[in-house]
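This report refers to the structure that appears directly beneath it.
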Amino acid sequence: MVAEHAVWVYGEARDGRLTPSTRELISRAATLGSATVVLLGVRAEEAAENAGRHGTTAALVDPNPAYDQHLTTPAVEALCYLIRERRPHVLMFGASYHGRDVASRLAARLDCGIIANATEIERSGEDYRVTAPWGERTIATCELTFPGVRLVLFRSKAFSAEEKPSRCEVEEFQAPLSAEAKAVRIVETAEEESGGPSLSDAGVVVSGGRGLGDAESFRKVEELAQLLGGAVGASRGAVDAGWRPAADLVGQSGTTVKPSVYIACGISGAVQHMTGMKNAKVIVAINRDPDAPIFRSADLGIIGDVNKILPQLIEEVRRRKEW
Amino acid sequence: MRIVVCVKQVPDPSAVIYDIDKDTKRLVREGVPLALDPGDEVSLEQALRLSEATPDSTITVVSMGPEKATEAIRRALAMGAHEGVLVSDSQIAGSDALSTAKVLAAAISRGPYDIVYCASESSDGYTGMVPGMLAELLGLPLLSFVRHVEVQDGRITANRVIERGYQVIESSLPAVVSIWTGSDRARLPGLKGVMSAKRKPLEVLNLEELGLDPATVGESGARERVLELTDVEQRAAGIIVPDDGTGAARIADLLQKTGAV
Ligand SMILES: Cc1cc2nc3c(=O)[nH]c(=O)nc-3n(C[C@H](O)[C@H](O)[C@H](O)COP(=O)(O)OP(=O)(O)OC[C@H]3O[C@@H](n4cnc5c(N)ncnc54)[C@H](O)[C@@H]3O)c2cc1C
Ligand SMILES: Nc1ncnc2c1ncn2[C@@H]1O[C@H](COP(=O)(O)O)[C@@H](O)[C@H]1O
């Protein structure tokens, strides 16, 4: 029998609730060993209360407000402190903007390796093997060759969040934070509350691109998304034009989505866009250019004018829903 | 303002499918069109604007890669950067993100600087690990996923992209700034720029000249090993049809079949 390992997750919370990505990670961690989630910030305790629902047995929380007021480095110092004290085997991160910052800075501070973009992790004897896409047509299985904690940064949607209630022991700690940890101050945070599901979690994503022509036409994308109970996405063409906020960007620089259905309206399908959506189960594209690269990945592609087809599609969907 | 911009040469993402050589287990970089990473062009664009708005500014581009990467540096110089440094050494091949950051940190530390720009992630590796590592190794604040910056009286204020909106963040200088690759469009170098780029200083250094021990970087310093490579399952070809008036109905049929309606 292999020894039980301490598998940690760097947890993130929003408004006192675990983020979907954190719930995915702790669900997987609980299948690998004894799962501990680290939560930082004033509402950490509140978020920790739900961690047991996904099989976590321990939560380490530090409610210091410094984590909410300063970027990245306070979390790096706290993790460094905990790792030195308690020596976990694995520390899992989600590839949120904050997660990427903390993971990279921590890897340099510990002078250890890290595997980014991971999609799977498995036990292999006393160690771990991690899977990550590499290049556009290959998946690599890797191992870390350095001693010490295994740092792995996972893409969102690598795992699904499973309900598996267990008793979760919440332990409070206080990491000593240096003055340098407070180098970058968060002056203001502006978040949009969209009505429907969030882009990264939606089962249906309707995205619009420059091909829509103007902000007014983009309304049709919003209307269809709402009708299908989905989220609105955008290509950079649409974000650049100012039709949608940056937070809606799908792709390499934006959000990675993995819905059951992705509908691309007037989007050319540049590689940077495809990176973020090519794992959708079904891809539908509307584009008037038969040579648009998006058609190479589409399950159904309609060559035609998006501004003509979208209103018809909305009508069709509405009709069938009533029916 | 002394500005450093980290730039990388990559297989041209608009022209190449990124493939891995199964024998060397490395990205195929030979025999394919190469380009200055378009994400780095975006951060260079931001640096150029800051430099234009600030008297007495210089932009140094720093890169690590094979000799051929001088081409990417020349392009950055043609866009308006003032000088370039390339760290090139056969022993650097196979470097992981931390080794890359160590090499860049050593190259950057040779001279004074106020601000170091990176792109938030590269187009070929897209690990996005280098900016944070570089900041840590240089002992500097990191302002990440930034859309634009303002610099005043030795302090920097930046607009940072987050999942559902944005943040305003600020710190003192010097600092490392990673530019959100979705943030901007980069200028094209003009003919004058291309001509003057040929005369701008471009230094090529090896590890010894940088004072770095080869054992700590490159393949020998790598902290992870690829055990196995497998092919990704390709999507089956789809149905692509011109709209003859039934396009919307066809989509609706599919939505119904998948349960979305
Ligand atoms: C470093 C970097 C990172 C990037 N990251 C991202 C990213 O994360 N996400 C992203 O999306 N992009 C990203 N981009 C930009 C990307 O390369 C493309 O420029 C962008 O995706 C194009 O957006 P678009 O498809 O809306 O516009 P366009 O490329 O202009 O395409 C518009 C499409 O609409 C079609 N069209 C026009 N009119 C109609 C009509 N009436 N009916 C139907 N079709 C019509 C056209 O045929 C065309 O195919 C990045 C670029 C760089 C350099
Ligand atoms: N070899 C390199 N030379 C110069 N800059 C690099 C190199 N590798 C990474 N960078 C910088 O770090 C950014 C992020 O790269 P990465 O972490 O590899 O995704 C790049 O866009 C560059 O700005």
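As the structure is a computational prediction, the values presented were derived from the model and not from experiment. Below, chains carry the letters A, B, ... as their sequence lines are ordered, and counting in each starts from 1.
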Under a 4.0 Å threshold between the charged nitrogen and the carboxylate oxygen, would [Y] count as salt-bridged to [X]?
X: A:E143; Y: B:R225; result: yes
X: B:E45; Y: B:R185; result: no
X: A:R129; Y: A:E122; result: no
X: A:R318; Y: A:E322; result: no

Any idea which of [options] has the most non-hydrogen atom pairs under 4.5 angstrom with chain A?
options: B:M133, B:E170, B:K25; value: B:E170
options: B:D124, B:V28, B:L140; value: B:L140
options: B:I251, B:V261, B:T127, B:V161; value: B:I251
options: B:A248, B:G238, B:G165, B:P38; value: B:A248
options: B:I162, B:I156, B:T157, B:L137; value: B:I162
options: B:L27, B:L142, B:L254, B:L143; value: B:L142

Testing the 3.5 Å rule here: is there a donor-acceptor pair between the side chains of B:T216 and B:D213?
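No, no side-chain donor-acceptor pair sits under 3.5 Å.
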
Without hydrogens or angle criteria, can the side chains of B:S99 and B:D96 be said to hold a donor-acceptor pair below 3.5 Å?
yes

Heavy-atom distances under 4.5 Å only: say whether [X] touches chain B with side chain, backbone, both or neither.
X: A:Q272; value: side chain
X: A:V261; value: side chain
X: A:I114; value: both
X: A:D299; value: both
X: A:V204; value: side chain
X: A:D111; value: both
X: A:S96; value: both
X: A:L227; value: neither
X: A:T189; value: both
X: A:L71; value: side chain
X: A:R319; value: neither
X: A:A116; value: side chain
X: A:R14; value: side chain
X: A:T138; value: both

Is there a side-chain contact (heavy atoms from CB on, under 4.5 Å) between A:V184 and A:T72 once you walk through the steps?
CA-CA 8 Å; A:V184 183; A:T72 320; over 6 Å; no

Best-contacting candidate, [options], against chain B by heavy atom pairs under 4.5 angstrom:
options: A:V130, A:V239, A:L313, A:V317; result: A:L313
options: A:K321, A:H70, A:R109; result: A:R109
options: A:R185, A:E191, A:K278; result: A:R185
options: A:N117, A:L249, A:L228, A:V282; result: A:N117

At a heavy-atom separation under 4.5 Å, does [X] approach chain A through its side chain, its backbone, both, or neither?
X: B:R160; answer: side chain
X: B:I239; answer: both
X: B:V176; answer: neither
X: B:A222; answer: backbone
X: B:T246; answer: neither
X: B:F145; answer: side chain
X: B:S120; answer: neither
X: B:L134; answer: neither
X: B:E233; answer: neither
X: B:D231; answer: both
X: B:N159; answer: neither
X: B:A249; answer: both
X: B:I20; answer: both

Could you check whether any side-chain heavy atom of [X] comes within less than 4.5 Å of a side-chain heavy atom of [Y], counting everything from C-beta outward?
X: A:L151; Y: A:I115; answer: no
X: B:D243; Y: A:K308; answer: yes
X: A:I302; Y: B:V241; answer: yes
X: B:T258; Y: A:K281; answer: no
X: A:V206; Y: A:C265; answer: yes
X: B:Q234; Y: A:R137; answer: yes
X: B:S144; Y: A:H98; answer: no
X: A:I139; Y: B:T230; answer: yes

Step-by-step side-chain contact (heavy atoms from CB on, under 4.5 Å) determination, B:E121 to A:S253
CA-CA 8 Å; B:E121 76 259 309; A:S253 323; 4.2 Å; yes

Provide the closest heavy-atom pair for B:L229 versus A:A140 in the form atom of the first, atom of the second, distance.
CD2-CB, 3.7 Å

If you apply the rule side-chain contact (heavy atoms from CB on, under 4.5 Å), what do you find for B:Y18 with A:V271, and how did you get there?
CA-CA 10 Å; B:Y18 285 140; A:V271 55; 5.9 Å; no

For chain A, which residues from residues 4-12 of chain B lie under 4.5 Å away (heavy-atom distances)?
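When heavy atoms of chain A are the reference, residues 4-12 of chain B contributes no residue within the under-4.5 Å range.
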
Given side-chain hydrogen bond (donor to acceptor under 3.5 Å, both in side chains), test A:T73 with A:E180 step by step and report yes or no.
CA-CA 8 Å; A:T73 325; A:E180 295 88 77; over 6 Å; no

side-chain contact (heavy atoms from CB on, under 4.5 Å), that's the test. Do A:F146 and B:L98 meet it? Break it down for me.
CA-CA 12 Å; A:F146 246 47; B:L98 187 50; over 6 Å; no

